[in-house]
Asker: 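My questions will all concern the structure given below.
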Amino acid sequence: MTDTETLPRTGAGAPKRLFIKTYGCQMNVYDSERMADVLRPLGYAPTETVEDADFVILNTCHIREKAAEKVYSELGKLRILKEEKSGAMTIAVAGCVAQAEGEEIMRRQPAVDLVVGPQAYHQLPELLTRTARARGERIGADFAPVDKFDALPKARGIQGVTAFLTVQEGCDKFCTFCVVPYTRGAEWSRPVAAILDEARSLADQGVREITLLGQNVNAYDGAGPDGTPSSLARLAWALADIPGLDRIRYTTSHPNDMGEDLIAAHGELDALMPYLHLPVQSGSDRILRLMNRKHGRAKYLDLVERLRTVRPDLALSGDFIVGFPGETEADFEATMELVREVRYASAFSFMYSPRPGTPAATMGAQVPAEVSRERLHRLQALLLEQQVVFNASQAGRVLPVLFEKAGRHDAQAIGRSPYLQSVHVEDARDLIGQIVEVEITAGQQNSLKGRLIPRSEQAA
Ligand code: SAH
Ligand code: SF4
Ligand code: F3S
């Protein structure tokens with residue numbers, strides 16, 4: 001039985017309104033959905049307008065300084081709103097900033113009623129009743145994802161045909177720049193059976209594509225039916241057997257955890273989409289060593305080659321950090337060279353942001369901001385050029401597109417290609433929820449345009 005089931009339901013009257021603002025990675029998106037699931041039995045229904053909300057949750061990210069600072073400015077605005085509503089609004093801070101600096105949040109912003117870490121949000125109902133009596137509870141310093149997943153309601157209020165599913169939490173890698181091992185705790189994998197149950201119920205609700213989530217999702221080693229650890233590849237094969245689940249993706253992967261069976265699956269398992277987010281951070285061996293990435297440039301390039309041998313059309317994406325302490329122009333050029341060699345379909349790149357408590361923050365030779373900014377511009381220009389080339393190369397192809405939602409034009413629908421690009425198609429609104437062959441007519445910077453193939457042109 002979950003905590004929520006033991007609590008009194010709300011009486012008659014209007015439903016209470018819940019507003020959740022999500023920052024950071026997909027794991028936070030999943031957690032925000034689950035927070036709404038936990039609060040639904042208490043009578044909370046989601047609202048899109050913060051002014052209407054009885055309960056506001058900021059689900060925060062601590063990865064870079066800017067992300068963390070945004071929380072305090074947002075809280076400043078919420079304080080004013082709360083005053084205007086004569087205090088009739090509960091404010092919670094969840095997520096990685098809550099975990100990392102919960103006490104500071106409470107101290108800096110008295111309007112905050114409660115702070116809850118990423119492994120403790122299943123306790124929200126209980127926390128809410130307690131804060132109704134007295135402010136100031138900070139929950140979550142301990143890491144126990146197992147308790148969380150056991151306590152979460154089985155039912156997910158999922159809408160749409162794609163869904164995230166967290167299978168792994170935490171990180172043991174301790175890259176010297178990164179806060180995640182401190183905010184999310186040690187690596188832990190959910191058991192196979194629990195994941196299959198959740199995936200089956202998603203498929204029953206009409207979900208056709210799931211993205212398996214974890215900070216190091218390919219380090220997945222959850223207990224299988226016989227109690228022995230299962231790899232992510234084995235999990236993917238089992239998921240592919242679920243009727244209705246046609247597409248499987250996973251993110252984020254670490255190059256060192258790319259097992260042979262997972263590489264092979266990219267060539268053999270049709271449901272596994274030909275897109276892989278595989279961050280490398282830098283192309284310089286010297287910087288990779290300082291980052292404690294535990295692999296070099298050659299190993300990464302070799303991995304990419306092996307993946308492309310089994311799946312030649314695999315679209316690759318990555319994360320890059322520029323201006324890591326001690327990065328020279330030659331180190332940066334090594335990153336540019338690696339990017340030219342790999343040819344990414346899309347990528348994320350960031351200026352290094354020193355994070356309190358991480359080893360890199362106190363390393364010497366911090367790179368001046370102007371130098372990092374200029375390097376970031378050069379890297380982003382190259383990555384954008386590659387993205388444009390990749391998108392343009394799809395023109396003329398016929399691709400299976402999973403239609404997800406209505407577009408802006410009348411009867412237009414937006415779907416996803418196997419390579420994760422958005423595809424805009426006219427007169428396709430009736431096809432939402434279906435996977436349909438689409439002729440790609442143009443590849444643009446951020447999306448593709450396609451057309452349905454008239455019956456008269458279809459091969460018999
Ligand atoms: N677990 C994933 C990524 C987690 S964080 C992995 O290992 O790849 C997402 C991305 O944020 C990282 O890949 C990195 O590129 C970036 N990042 C993390 N810490 C950062 C920092 N201190 N400054 C700038 N970017 C950072
Ligand atoms: Fe952070 Fe490195 Fe772990 Fe990724 S692998 S979450 S970058 S410490
Ligand atoms: Fe941010 Fe936490 Fe995700 S720090 S990137 S929300 S794991």
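Numbering of ligands and ligand atoms starts at 1, following listing order.
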Asker: Could you list which atoms of ligand 2 come closer than 4.0 Å to a heavy atom of Phe177?
Answerer: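 Listed by number with element: 7 (S).
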
Asker: If you measure from OG on Ser417 to CG on Leu402, what distance do you get to the nearest 0.5 Å?
Answerer: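 Nearest 0.5 Å value for the OG-CG distance: 10.5 Å.
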
Asker: Do the numbers put Arg343 on top of the ring of Phe390, so that NZ or CZ is under 6.0 Å from the six-membered ring centre and no more than 45° off the axis?
Answerer: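 No, cation not above the ring by the 6.0 Å, 45° rule.
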
Asker: Which residue and atom name correspond to the protein heavy atom nearest atom 1 (Fe) of ligand 2, and how close is it?
Answerer: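 The closest one turns out to be Cys178 SG, 2.3 Å.
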
Asker: Residue-level breakdown please: for Val179 versus ligand 2, do any non-hydrogen atoms fall below 4.0 Å on the side chain, on the backbone, on both, or on neither?
Answerer: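 Contact part for Val179 vs ligand 2: neither.
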
Asker: Distances under 2.8 Å only: what protein N/O/S atoms are near atom 3 (Fe) of ligand 3, ordered by chain and residue?
Answerer: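 For atom 3 (Fe) of ligand 3, the protein N, O and S atoms that sit under 2.8 Å away are Cys25 SG.
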
Asker: Pick one of side chain, backbone, both or neither for how Pro181 approaches ligand 2, counting any non-hydrogen atom pair under 4.0 Å.
Answerer: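 Side chain only.
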
Asker: Per the ring pair (Phe, Tyr, Trp, His ring centres under 6.0 Å) rule, which among Phe348, Tyr344, Tyr352 passes with Phe320?
Answerer: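 Exactly one option meets the ring pair (Phe, Tyr, Trp, His ring centres under 6.0 Å) with Phe320, and it is Tyr344.
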
Asker: Should you measure from each heavy atom of His254, which atoms of ligand 2 turn up under 4.0 Å away?
Answerer: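 In order of number, 5 (S).
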
Asker: With atoms numbered from 1 as shown, which atoms in ligand 2 lie under 4.0 angstrom from a non-hydrogen atom of Lys173?
Answerer: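 This gives 3 (Fe), 5 (S) as the contact atoms.
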
Asker: Below a 4.0 angstrom heavy-atom separation, can you tell me which part of Cys171, side chain or backbone, both or neither, approaches ligand 2?
Answerer: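 Cys171 to ligand 2: side-chain contact only, backbone stays beyond 4.0 Å.
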
Asker: At the 4.0 Å heavy-atom cut-off, does Arg293 count as touching ligand 2?
Answerer: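 Yes, that is the case, since the closest heavy atom of the residue is under 4.0 Å from the ligand.
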
Asker: Going by the order shown, which atoms of ligand 2 are within less than 4.0 Å of some heavy atom of Phe174?
Answerer: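 That gives atoms 8 (S) of ligand 2.
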
Asker: Run the salt bridge (Lys or Arg N to Asp or Glu O under 4.0 Å) check on Glu370 and Arg373 step by step: do they pass?
Answerer: CA-CA 5 Å; Glu370 320 81 74; Arg373 198 166 297 123; 5.8 Å; no

Asker: Name the closest protein heavy atom to atom 8 (S) of ligand 2, giving the residue it belongs to and the distance to 0.1 Å.
Answerer: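 Of the protein heavy atoms, Cys175 N, 3.3 Å lies nearest.
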
Asker: List, ordered by chain and residue number, the protein residues whose closest non-hydrogen atom lies under 4.0 Å from any atom of ligand 1.
Answerer: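 The 4.0 Å shell around ligand 1 contains Ile63, Arg64, Phe177, Gln215, Thr252, Pro279, Gln281, Arg293, Asp319, Ile321, Phe350, Met351, Tyr352, Ser353, Arg355.
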
